[in-house]
Amino acid sequence: MKTSFIPIDYDYFDFNGRNYTKIIGRNSEGKRVCIIDSCPVYLWAILKNNLSQKEIGDVIKKISKIKLNIKGRQTKVEKVELHNKKFLEKPVKALKIFATNYKDLHDIADKLGIKEIEKRRGYDLGFITHYIIEKKINPLQKYEIEGEMLNNSSEFGGVDMGLDVDLCINLKKAKLLENKKTKFFPKILAYDIETDDLKIGKGEILMVSLVSEKFKKVITWKKSYSKPSYVEYVKDETELIEKFIEYVKKISPDFLVGYFSDGFDLPYLKARAEKHKIKLNLGLDNSQPRFSRGINLTGKIKGIVHIDILKFIKTAYAQYMKSETLSLNEVAKEFLGDTKKPFKIKHSSELEKKDWNNYYEYNLHDSVLTLNLFQKFWPDIKEFTKIVKEPVFDITRYGLSKIVESYLLHNLEKFNEIPEKRPTSEELSQRRRDGPVEGAFVFEPKPGLYENIAMFDFTSMHTSIIISMNISKSTLLEKPEKNTNSIETKRGKFYFTKKPGFLPSLLKEIFEQRRKAKSEFKKNPNPITQAGSNAFKVLSASVHGYIGFFGARYYSKEASASILAFVRKFNKDTIKNIEKKGYKVIYGDTDSIAFLINKNKEIEIKSLLQDLNDKLPGIMELELEGFFERGLWVTTRAGITGAKKKYALLSKDKKIKIRGFETVRRDWCNLARKLQDQIIKQILIDGNEKKSLEYLKDIVKKIKQRKIRKEELIIKTQLKKPISEYKATTPHVVAAKKMHEKKIPIGTGTLIKYYVAEANQKKALVRERVKLPDEPGKYDIKYYLERQILPAVENIFQVFKINTKEIIEGKKQMTLGDF
DNA sequence: GACTGAACTATACC
DNA sequence: ACGGGTATAGTTCAGTC
C-alpha cells in the first residue's frame, strides 16, 4: 500500500511492552490516514575520560545485563553501542543504551550510577519528540509512505478497530516529498458555547455554535418566537451535547478550534456531559477529551487537534499587538476588522423571548470570529510547526522558551550533540537564587521640544550579539584564553571561544532564514510570506530570553550577563562615536540612539551610519529608524530629571509615535488619555503649546461643570492574581470585591473597571471612594483634576515653563466660591 | 494625627 | 514556571515625630 501522507496529530501506545506511534493525518486526496510506527528507544551514558578499552568493555557488559520488572512490564537493555559524540561542544565517548520501553529509560538511568559513567542524558525528551527526531516524520510535511494496510486486524491489539479513519497503515517506508509544496487545506470547525454561569459546569449550556467553511449552526434548547435557519432546536441540554458530538463527528475536522476553549468551552462540555451521565466521545477512537492537570488546563481530543487559538496568539503575537486585552472582541477587531455582535448577556431567566434571536446570532458570530482568526493565523501556526517540528497541538500551546528549546533539540543531531537534561528542582531553586543580571542602558534625556531628529537602532541587537560573539552555555570558556570574545560584567569577565557553537550557529541559520523570509515578503507580500517572516522573527528574538530563563536546558547566567554587557557596550560606544562627529545625542534605550541632525542633510546622516556600520563586528548592524521633525521629552513626576521610556515623535510623513505616556497606558481614565494624546499631537504639529493650553482649559471647565460623561472617567486595572493573595488593598481590589459580591465572575486576568466617587464624609483613601461603573454616584471632581488630568499634562506644559497646577487650582477656587 | 519613605502594584519600553 | 531587565507612577502601609 502506497499513499501520500501529511502528519497532523501524534499519539502513542504500548503493545507487548514496546512503544508505537499512532499518527493521524491526511493524504493528497483528503482521506484521513492513520499510521502506526515505532522507533529505537535509547538513552546516552557519557563515559568518564581516560577509560581503557577493557574498562569500557566491562561497563558495556555490565549494562547489557540490566533487566527491570516495573509498572507491570518487563523492560531490558537490548543493545549497547559505543559512540564518539559531543556534549556541550566537548568530544566525549558515550554509550547508546537501547531499551524496550521509553517510559522505563528513567529507571534504567537510575541503574547507571556507576563510577565509569559521568552523565546520563537523552531520556527526558518525551516519546513523541524522541520519535520525530529519530524517524523524521515531521508534522505538516508531505511524505510518500508505504506499508501494510491494517483492516480491523487484531495486530497491535486491534488499535485500528473503532478508529474512524479511511486508511490505517503499518508504516514500512516514508519518503519526504521535498520539492512539492504541500497544498494542505485542513478542515476546520470552530465552536463556542453560551452558559448561565461562568464557573465550569455550574450553569446550563444554553447553546453551542459550530462554524466551518460551509457550515453554520447553533444548537439550542432555548426557543425563540421564530427560528432562524441556522438554528436547530433540541429537547434539552443532554440532547444539545449529543447533537454537538454528532455534528463534530459528521464534519470530522482536522482542527476543532475555540477561543479560550482550553479553559472554558471544552471543560464545560465535559463537566455537563458528566452531570448528565453521557460520554463526550469526540475522539476518532470514541475517547473523551483529556485534560492536563496544572494551572493552565489543556484539552486534548484523540485524532482531532483541539486548538485554543487564544493561547497561540498570546504567546506568539501579544507582544506585538495594540489591543489592550486579549478578549475575542478586541483581538478580532485588530486582526479581522470585525467585532462581536452587540448583545448584553444576562442570565437566561432574565431574557425575554425576543432577546433569543440576538443571542443566537451573538453565539454564532463568536464562532465565525474564532474561525476567521484561525484562518488568519493558520499560515503562522503552519510555519512554526514546520520550523520547530513539534505537533500542532503543542506548538499552539508552548511558551516561547519551549518553542526555542524544541527547535534546539530537533537540530542537535547535525552537531553530533547529546541533548542536555532538564534542570532538577534543586537546580531550579539555585538558578532562581542567582538573582537578576544587569540589563540594558537607558540614556537620560533632557526634557524639551526638539526639532530635526534622527534615530538609529541596532537590528535584532541581542540576537546579532549572540551570533557575532558566539555566546552560549557551551561556548563559555572555563579559563581566560587568548583570541577569544571576552566581556567584563558585574559577575566577572567572561570568555567565549571563537569556534562556532551549536546554539549561535542555529541562531545564525534562523536569522538568515528570517532575512530571506523578510525580503520574500517585501517582494511578494501575502499572509504566507508574512507568516514565514514572523515565525523566524519570534523564534530568533526569543533566544536571549531563553538563555536567561531559569527553566531552560541551555540556561546560562554568564552567557546572559555577557549578552547584556555587550548590549550596553555597543550602545554606549555608538553614542560616543556619534557625539565625536559633533552631533548631540538626546536619547537612547537599549538598542536605539536619537540625536539632533541640526542643519545636516539626510545624506550626511546616512554616510555617518555607513561609517558606524563599518566598525561593527560580525553580523551586527545599525539601521536608520527614521528622521523626525519634532520630538518631545518630559521630566519625571518628581520634576527634576528627564523621564526615560516616555517620549513622542512626529515623523517626516506626519505620523505620530507616542511611547510610555499615560495615553498609551490602559490604567488611566479615557479623559486623561485622550486629553494628553490631543495635547501631544497639537504641540508636535504646531511646535508650540498655545492651542493645547486652550484645550486643557476647556476640559478643566467641563469637568468642573460635570459635563464629562462618567464613561470617560472609568479606570481600568487588571487583576494579576487571586484577590486573597493581595497584601495591599488597592482601589481595584476593592472594586473586584464589590464585583464578587454582585456575583459578577472575576479572577486572575479580569480587567476591573471603577470610578472614584465623591466622599460623603472625610474619606482620605481612594479605595474608600471606589464605585463600580453602574453604581450610582457623582464622580469626584477634585480627584480627577488632581490625580488624572494634572499628572497627565503637568510635565508636558512644564517644558514651556507653564505651571498647570495654578491653572487647574486657580479656577477650582473660583468654582468652589460659586457654591 | 500629619508626614514620609518603603512596599506593593500595574503597566509600559525595548 | 513555562523569555529577560529597566523604568515610571499611583496607592497603601508602617514608622516617625
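Note: hydrogens, waters and symmetry copies are ignored here, and every other heavy atom, side chains too, is used. Convention: sequence-line order gives letters A, B, ...; per-chain numbering from 1.
Ring geometry for Y587(A) versus Y647(A): interplanar angle of 30 to 60°, hence tilted. Using a 30° and 60° split on the angle between ring planes, F441(A) and F443(A) fall in the perpendicular class, above 60°.
When heavy atoms are screened at a 4.0 angstrom cut-off, Y647(A) is found touching the sugar-phosphate backbone but no base atom. Note on R659(A): only backbone sugar-phosphate atoms sit closer than 4.0 angstrom, heavy atoms only; bases stay farther off. Across all strands shown, H732(A) has heavy atoms under 4.0 Å from sugar-phosphate atoms exclusively, and none from any base. Within the nucleic acid shown, Q788(A) has no heavy atom closer than 4.0 Å to any nucleic acid atom. Residue-level contact check: K721(A) touches the backbone only, with heavy atoms under 4.0 Å from sugar-phosphate atoms and none from bases. Among the protein residues, Y783(A) comes within range of the sugar-phosphate backbone only, with heavy atoms under 4.0 Å from sugar or phosphate atoms but none that close to a base. No engagement by T315(A) is indicated, since no non-hydrogen atom pair under 4.0 Å with the nucleic acid exists. Backbone-only engagement by G660(A) is indicated by non-hydrogen atom pairs under 4.0 Å involving sugar-phosphate atoms exclusively. Within the nucleic acid shown, F550(A) comes within 4.0 Å of sugar-phosphate atoms alone, with no base atom in reach, counting heavy atoms only. Within the 4.0 angstrom heavy-atom criterion, no nucleotide atom of any strand lies near V404(A). Heavy atoms of K402(A) sit nowhere under 4.0 angstrom from any nucleic acid atom. Residue contacts shown for Y398(A) are absent, as no nucleic acid heavy atom lies under 4.0 Å away. Contact annotation for I547(A): no contact, since no heavy-atom pair falls under 4.0 Å across all strands.
Remark: C1' of dC14(B) and CE of M455(A) are 11 Å apart, rounded to the nearest angstrom. Computed from coordinates, the I593(A) CD1 to dC14(B) P distance equals 13 Å when rounded to whole Å. The distance from atom CZ of R568(A) to atom P of dC14(B) is 18 Å, rounded to the nearest whole Å. Taking atom CD1 on I715(A) and atom P on dT11(B), their separation rounds to 12 Å, with Å as the unit. Computed from coordinates, the R637(A) CZ to dA12(B) P distance equals 19 Å when rounded to whole Å. With rounding to whole Å, L564(A) atom CG is found 20 Å from dC13(B) atom P. If you take NZ of K727(A) and C1' of dA10(B), they are 16 Å apart, rounded to a whole angstrom. Distance NZ (K657(A)) to C1' (dA12(B)): 14 Å, rounded to an integer number of Å.
The neighbour count for K721(A) NZ, taken as heavy atoms of other residues, nucleotides or ligands under 6.0 Å away, is above 12.
Minimum interatomic distance between Q718(A) and G749(A) (heavy atoms only, all atoms of both residues): NE2-O, 3.1 Å.
The pair E786(A)-K805(A) does not meet the salt-bridge criterion, since no charged nitrogen lies less than 4.0 angstrom from a carboxylate oxygen. A salt bridge links E712(A) and K674(A); the closest N-O separation between the charged side-chain nitrogens and carboxylate oxygens is under 4.0 Å.
To the nearest 0.5 angstrom, N534(A) atom CG is 8.0 Å from R514(A) atom CZ.
A nucleotide of DNA chain C counts as in contact with chain A when one of its atoms lies under 4.0 Å from a heavy atom; the first and last such, 5' to 3', are dA1(C) to dC13(C).
Geometrically, K473(A) does not engage Y555(A) in a cation-pi contact, judged by NZ or CZ lying under 6.0 Å from the ring centre and within 45° of the ring axis.
No donor-acceptor contact under 3.5 Å links the side chain of R666(A) to the base of dT11(B).
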